[in-house]
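All remarks here apply to the structure that follows.
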There are 2 protein chains.
Amino acid sequence: MKLRTVSLAILALIMSGMELAAADELLEMQKNSDNWIMPAGTYDNQRYSKLDQINTDNAQDLRVAWTFSTGVLRGHEGNPLVIDGTMYVHTPFPNKVFALDLDEDGAIKWKYEPVQNYEETVPVMCCDTINRGLAYGDGKIFLAQADTTLVALDAKTGKVVWSVKRDDPKQGATSTGAPHVFKDKVLVGISGGEFGVRGYLEAYDVNSGERIWKAYSTGPDEEMLIDPEKTTHLLKPVGKNSSLESWEGEQWKIGGGTTWGWFAYDPELNLVYYGTANPGTWNPVQRPGDNRWSMTIFARDLDTGVAKWAYQMTPHDEWDYDGVNEMVLVDQKIDGEERKLLVHLDRNGFGYTLDRVTGELLVAEKFDPVVNWATHVDMETGRPQVDPRYSTHQNGQDVNTTNICPAALGSKDQQPVAFSPRTGLFYVPANHVCMNYEPFEVSYTAGQPYVGATLTMFPGGKVSGDGSTHLGRFFAWDARKGKVVWEIPERFSVWSGTLATAGDIVAYGTLEGYLKVVDAKSGRELYRFKTPSGIIGNVMTYQHKGKQYLAVLSGLGGWAGIGMAAGLQGETEGLGAVGAYRSLEDWTNLGGTLTVFTLP
Amino acid sequence: MKLRTVSLAILALIMSGMELAAADELLEMQKNSDNWIMPAGTYDNQRYSKLDQINTDNAQDLRVAWTFSTGVLRGHEGNPLVIDGTMYVHTPFPNKVFALDLDEDGAIKWKYEPVQNYEETVPVMCCDTINRGLAYGDGKIFLAQADTTLVALDAKTGKVVWSVKRDDPKQGATSTGAPHVFKDKVLVGISGGEFGVRGYLEAYDVNSGERIWKAYSTGPDEEMLIDPEKTTHLLKPVGKNSSLESWEGEQWKIGGGTTWGWFAYDPELNLVYYGTANPGTWNPVQRPGDNRWSMTIFARDLDTGVAKWAYQMTPHDEWDYDGVNEMVLVDQKIDGEERKLLVHLDRNGFGYTLDRVTGELLVAEKFDPVVNWATHVDMETGRPQVDPRYSTHQNGQDVNTTNICPAALGSKDQQPVAFSPRTGLFYVPANHVCMNYEPFEVSYTAGQPYVGATLTMFPGGKVSGDGSTHLGRFFAWDARKGKVVWEIPERFSVWSGTLATAGDIVAYGTLEGYLKVVDAKSGRELYRFKTPSGIIGNVMTYQHKGKQYLAVLSGLGGWAGIGMAAGLQGETEGLGAVGAYRSLEDWTNLGGTLTVFTLP
Ligand SMILES: O=C(O)c1cc(C(=O)O)c2c(n1)C(=O)C(=O)c1cc(C(=O)O)[nH]c1-2
Ligand SMILES: O=C(O)c1cc(C(=O)O)c2c(n1)C(=O)C(=O)c1cc(C(=O)O)[nH]c1-2
C-alpha cells in the first residue's frame, strides 16, 4: 500500500497546490507590473509600481498619449484597472463601466450601463455621486453601484454574472467605496453616516455572489464578529459588548461607523484592514460615550470576519473625523527592529504607525502643524488629549466653536497615499483646512439627513514658502518617526490619490486639474499637465507593448468639489465645503475624462 | 480762403481715415495671425492661417499643451476665438462663454452663463443643442443664444453690454449659427426649417444693438430686400416677386429657407455671402414650385441688405439639401483669367464655383461620385437635371424612394472647409451617406415639427483603398476644375471644420475623436491624437508668446451624433441619422473638452 499512500500524498499536494493557485490568483497576478489589477495595485495598498521606464531623468518629456471622455459629469474618484491589454474604467453615478482596448487608443470593447433610481439614490449621497472604482477576480469585474447593488461582470464580455442588492437607499444606505477582492472574496462596505446608517463590512464569494460574513461597526459582539476574549484593543482583550457599553441606549443602531474607504489585506496573516467612519449624529451632545467602534482601525480574519484587533483613534468624535482612510501595509525597521507595520494618516490629523500583527500602537504624530483639536495622543491609552477649547461637545449645542483644525474633511480625506519601498516614505495628498462647528439637536428619520451641525471651512493658515494661505499640501512622510520629510504647498486640497514608482517619481493630481510628477526624494516638480477638469481620481500606471503609461481620471467633485458638482452656492452648504472651495470656479469645470500619459 | 479749403480737405481726409479705421478695425486685426478673431479667422471664410511654425516637417512632434472641460455634454461645434492672450470658448446649450487666460493654461478670467428656458428651446432644436461660436467686434464678444437672444459681452469683463431677443422658440425659431461681425454690423441668422420657420438674415449695429436690416429668404420683394430690376439670378434680373411666384398660396410663410450657416464678407465689394436652407415641409408634394429663394446663395450689400445677386442651387428641394454651407471667397485664375470667386460645396453633392461679383456660374461638379439625385447641372439655366428615379415628389407621398445619394445631411453639411492659397486647394470634411426617403402629408402647427418625411441612412458604398464601406471622406478639391485631387476615406462623416496653414498642414477632427494633421499637398497623415470625445468642432490656430498652437473642441453631437447626444435609439429617429451612426458608441462618449496642441 505504500504506493497508494504516496500517490494520495502527491494528490493531496497537487490539490492543495491547485487550491492555492486558485485562491491566490491575484497574489500571482499582482507581481506583473504591466497590469494594475485592483484599486491600489496590490493587496498592501502601497500604490507602488515596479515600472521604471518613466523616471526622474525623463519625466519632463511626458506627453499625453490619448484621452477618453466618460460622458458623465460630477466627481470622478478612483482609478482604472488594466488587465492584459484591456482597461476598465468606471464612472460616478450612474456607474457605467467601460472596457477599453489599449491597442486602439481606448476604443470601447464593451460597456455596462446599470439602471439605477436617481431620485432614491443621489439625494442620499453625502459627498457627491462618486464611485471609487472596480475590482477584478476570477475573470470578473466587480462594481459596487451607488444603490448598493454589487455586480459581477464577465471581464471579457461585460455580461452580468451575478448581482446582489445589499441594502436600501430609502434608508440612506449607498455605496461609494470600491469593492476589493482578496483571495476568493469580494469585500464591500457601506456609506450613509450622515443618514444614520449603521456601518458594516461584508464579504461575498467571488464565484457565487453568496455572502460569507457581515461585520457591523457597532452593536452586540455577535453582530460585530468580535470575540470579547480574543479581539484586542492595544494588546488587551476588548471584553464583552465593548461597543454597546460605549453608547447610550440604542443610539448605536443609528450610530454610523460606515466603511466607505480603501481596504488592505495581508495574505500571510490572512487579515483584512480597514477603518470605520464617524459616529452619528455630528452633534456629539446627543451621543455620550466613546461610541465604539466608530473611528476605528479593524484587523479581521478574511475567512471568518472575526476581529483580531481594533484601535479607536477618535473616541467620541466631535468633529466628523471619519477613520476610513486607507491602511498601508509595509515592512520597515522601527527602532532597529524589522516589523510588519500598518500606516494610516487619519482625518484627525495624526499619522499612526501600528504593528499590524498585534495592533500595538508605535507612532502617533501630527502630520500638519495646524492640527489643534488635540495636543497629542497618549501612547499608553491610545487616546488623543482633546483641547477643551475645541471640544464641540463641551462648548455645547448651538454654540459655534471656532478655528478648529482640521476641518471636518480632515487633514486628509479619502485621497489615498502611496509608499515607495525605495525611499521608505509615504506620499500624502492632503488638506490644510480649518473650521467653525456648531452642533444642534437633530432627530432621526430613516432616509433623511442626520447631521446636526452647521459648518464653515477656511484655509489652514500659512503653510510654507511664500507664506500665502493654502487649502492643501502634498508631502513625504516618514512613518517610522512620524515626521514630514518634504512638502509642497497647494492652492487647494489635494483630493487625488498618489502613485509612487521604481522610477523614483511620485504623481498626483490637483483640484485645478494639474497632473504633477515630482521627484520622490526631494519633491522637485518634474512635469505638470492641465487635464480637462479638477482631479480627484488616483494616478495609476501600467505597461502596454513595452511602453509605460500613467493614467488618471479628471472630473471635479467629491466633498471638496461639491459646490460645483451639485450646483450649491451657500457658504455652509455641502456640509460646509462650498464656501472654502468657491474659487475652484476660476480654474475648472465639471467633466469626466481619462488622460493617459507616456514618453515619446 | 485757400488755407481754409486745404484744412477742410485735410480734416475730411483725417475723418474719413478715422471712420475707416473704426469701420475696418477687424480688417486690420485679421492681419495679425497670432489672433483668431472671427469664426473662420478672416472675412473670406478661408480658415487659413499664415502661421507656419507647425509644418509638415515637425507636425509629427505635436503634443497636447493643455485641455479644458466645458462642463457641458452634447455637441460642441464651432471654435474658440483668440484675442491678445485671451481665448473665448463657447458651449452648446446653455451657451456658456468662458474667457481663458493663455498665460495660465486656460485658467478662467470670466464666464457668462445665460439663463434660458430649456423646455421651450431644446425640444425645437432639430439637430442637437449645438452653437457654432462667437464673434468679436468693437471690444465686445457676441453670442447668439439658442433662444434667439443676441448678446454683446464686454470682452474684458464678460458683463452684458446689450442684449436683444430676436425671435420666439415657441414658434420653433432657435439660433445655432455663429454671429458674424462684418465692419460695424453683427449678422445673425435663424434656425427652425423643420418647424416651418420662415428664414431671414439680420444685421445689428455692433455698438447700439439696433437692428439695421432684416432680409427674409422667401416672400414679397420688400421683405426680401430684393430689387426686381437690379437683383440678378445668373446675370439676369430676377423680376417682380420672384419668390411669391414660385410657391402655391401662402406656403412661403412657413416655407423654411433658414440661415444657420457660416457667412462671408468681401470688404471691397461690400457684399455679404450666405446660403438659405431647405423649403418646408420635407414633403415636396405639399409645396409645388421652385420654392424660391430657399436653397440659394445670396450676395447682399452689407449696409442696406439689398440682394445684388442670388443663385438657387436646388429648386424645389425633395431631399432636404439645405444650401447653407459656407461660401469661401478666393481670388484664383480660371481659364487663364484671374477672378474673384465664390466657392461652395453644397449639401446636394455639387461643388459650385461662381464669380462673386456678378453671380455668374463657372463650375458645378459632383464632389462625390455616388451622388445620383441629379445627373449634372445645366450651366445655362443653373438647374440640376434630376434623375426621376430619385425624385421623391414624382414617386409621391407614402412611397419610399430608396438609395438616394447623398442622404439628407448631404455630401457635406455645416462642417466648414479650409482653403490654402499656397496650394490653391480646398480641404473638405465630407459625408458619404445615402438614404431612403418617404414623404408623408403633414399639417403645420406653430412650434411643432413640420417635417413630413421618414428617412433611413446608410453608408455611401465603396470609397477607395481597402474597399470597405465608409460614412465619410476628407479630400482636397480644385474648385477651378471641379475635381478631387486627393482623398482620405473615413469610417464616419467628418463633421469637424478644417484648418489650413502656411506650414502646408491641414487639420481636421473625426467623429471617433481623432484630431488628424495631414500634408496639404498629398493628404499624407502626419499626426493623430485621440481627444476625449468625437470632434464636430473646427480646428483653429493661434500664436502666444512666439509659440504656435492648434486648438479644437471635442464633444460628440450635431446631426450625425444626435443618437448619442439625445439618447435616441430608433433607426429612423433623429431625422434618420440614428441608425447610420449607431456604432459611434463603440468609439466615444459625450463630453465637451478643448484640446490645445503645440510643439515641444
Ligand atoms: O459617513 C459616511 O458614510 C460618508 C460617506 C462618504 C462617501 O461615501 O463618499 C464620505 C464621508 N462620509 C465623509 O465623511 C467624507 O469626508 C467624504 C468625502 C468623500 C469624497 O468622496 O470626497 N466622501 C465622503
Ligand atoms: O433647417 C434648419 O433650420 C436647420 C437648422 C440646423 C441647425 O440649426 O443646427 C440644421 C439643419 N437645418 C440641417 O438641415 C442640418 O443638416 C443640420 C446639421 C446640423 C448640425 O449642427 O449638425 N444642424 C443642422
Side-chain angles (χ1 to χ4, degrees), chain A residues 60-74 76 89 91 96 98-101 104-111 113 491 512-515 528-535 554-557 564-565 567 583-600, chain B residues 60-74 76 89 91 96 98-101 104-111 113 491 512-515 528-535 554-557 564-565 567 583-600:
Chain A
Q60 80 270 9
D61 299 326
L62 279 168
R63 57 177 69 179
V64 181
W66 52 274
T67 51
F68 174 81
S69 174
T70 66
V72 180
L73 302 174
R74 303 195 60 165
H76 283 61
V89 177
T91 76
K96 303 188 189 194
F98 299 98
L100 305 185
D101 188 344
E104 285 259 29
D105 296 342
I108 301 168
K109 288 183 168 184
W110 57 254
K111 60 182 137 189
E113 305 184 90
R491 185 180 281 111
E512 295 104 312
Y514 283 102
L515 173 93
R528 69 160 73 189
F529 176 83
K530 185 88 187 283
T531 68
S533 178
I535 301 179
S554 67
L556 190 67
M564 288 184 72
S583 66
L584 275 172
E585 285 197 357
D586 301 337
W587 293 94
T588 194
N589 288 306
L590 304 187
T593 308
L594 179 82
T595 307
V596 181
F597 302 82
T598 193
L599 292 170
Chain B
Q60 81 269 12
D61 298 327
L62 279 168
R63 58 176 69 178
V64 181
W66 52 273
T67 51
F68 175 81
S69 174
T70 66
V72 180
L73 302 174
R74 302 195 61 163
H76 283 60
V89 177
T91 76
K96 303 189 191 197
F98 299 98
L100 304 186
D101 189 344
E104 284 260 29
D105 296 343
I108 301 168
K109 287 183 168 184
W110 57 255
K111 61 181 135 187
E113 304 184 90
R491 184 179 283 112
E512 296 104 312
Y514 282 102
L515 173 94
R528 70 159 72 189
F529 176 83
K530 185 87 186 287
T531 68
S533 178
I535 301 180
S554 66
L556 190 68
M564 287 183 73
S583 66
L584 276 172
E585 285 197 355
D586 300 337
W587 294 95
T588 194
N589 288 306
L590 303 187
T593 308
L594 180 82
T595 307
V596 181
F597 302 82
T598 194
L599 293 169

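All chains are named by letter (A, B, ...) in the order of the sequence lines, taking the proteins before the strands, and each is independently numbered beginning at 1.
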Seminar exercise, completed: For A:Pro532 and B:Thr67 the tightest heavy-atom approach is N-OG1, 2.9 Å
Problem set entry | Heavy-atom donor-acceptor pair, B:Ser533 side chain to B:Leu556 backbone, under 3.5 Å | yes
For this session: Pick one of side chain, backbone, both or neither for B:Phe68, based on which atoms fall under 4.5 Å of a heavy atom in chain A.
Result: both
For this session: Give, as side chain, backbone, both or neither, the part of B:Asp101 having an atom under 4.5 angstrom from any heavy atom of chain A.
Result: neither
Exercise. Non-hydrogen atoms of chain A under 4.5 Å away: do they reach the side chain of B:Leu62, the backbone, both or neither?
Worked result: backbone
Exercise. With a 4.5 angstrom heavy-atom cut-off, which part of B:Lys111 approaches chain A: side chain, backbone, both or neither?
Worked result: side chain
Exercise. How long is the span from the NE2 atom in B:His76 to the OG1 atom in B:Thr91, to the nearest 0.5 Å?
Worked result: 5.5 Å
Seminar exercise, completed: Under 4.5 Å to a heavy atom of chain B? For A:Glu512 that would be neither
Problem set entry | Best-contacting candidate, A:Ser69, A:Gly534, A:Gly71, against chain B by heavy atom pairs under 4.5 angstrom | A:Ser69
Exercise. Considering all heavy atoms of both residues, which atom of A:Phe597 and which atom of A:Val64 are nearest to each other, and what is their separation?
Worked result: CE2-CG2, 3.8 Å
For this session: Between chain A and each of B:Trp587, B:Phe529, B:Trp66, count heavy-atom pairs under 4.5 Å; write down the option with the most.
Result: B:Phe529
Problem set entry | Region of B:Thr588 that comes under 4.5 Å of a non-hydrogen atom in chain A | backbone
Exercise. In Å and rounded to the nearest 0.5 Å, what is the CG to CZ distance from B:Leu584 to B:Arg491?
Worked result: 10.0 Å
Problem set entry | Shortest non-hydrogen contact from A:Ile535 toward A:Tyr514 | CD1-O, 3.5 Å
Exercise. With a 4.5 angstrom heavy-atom cut-off, which part of B:Glu585 approaches chain A: side chain, backbone, both or neither?
Worked result: both
Exercise. OG1 of B:Thr70 to CG of A:Leu590: how many Å apart, nearest 0.5 Å?
Worked result: 9.5 Å
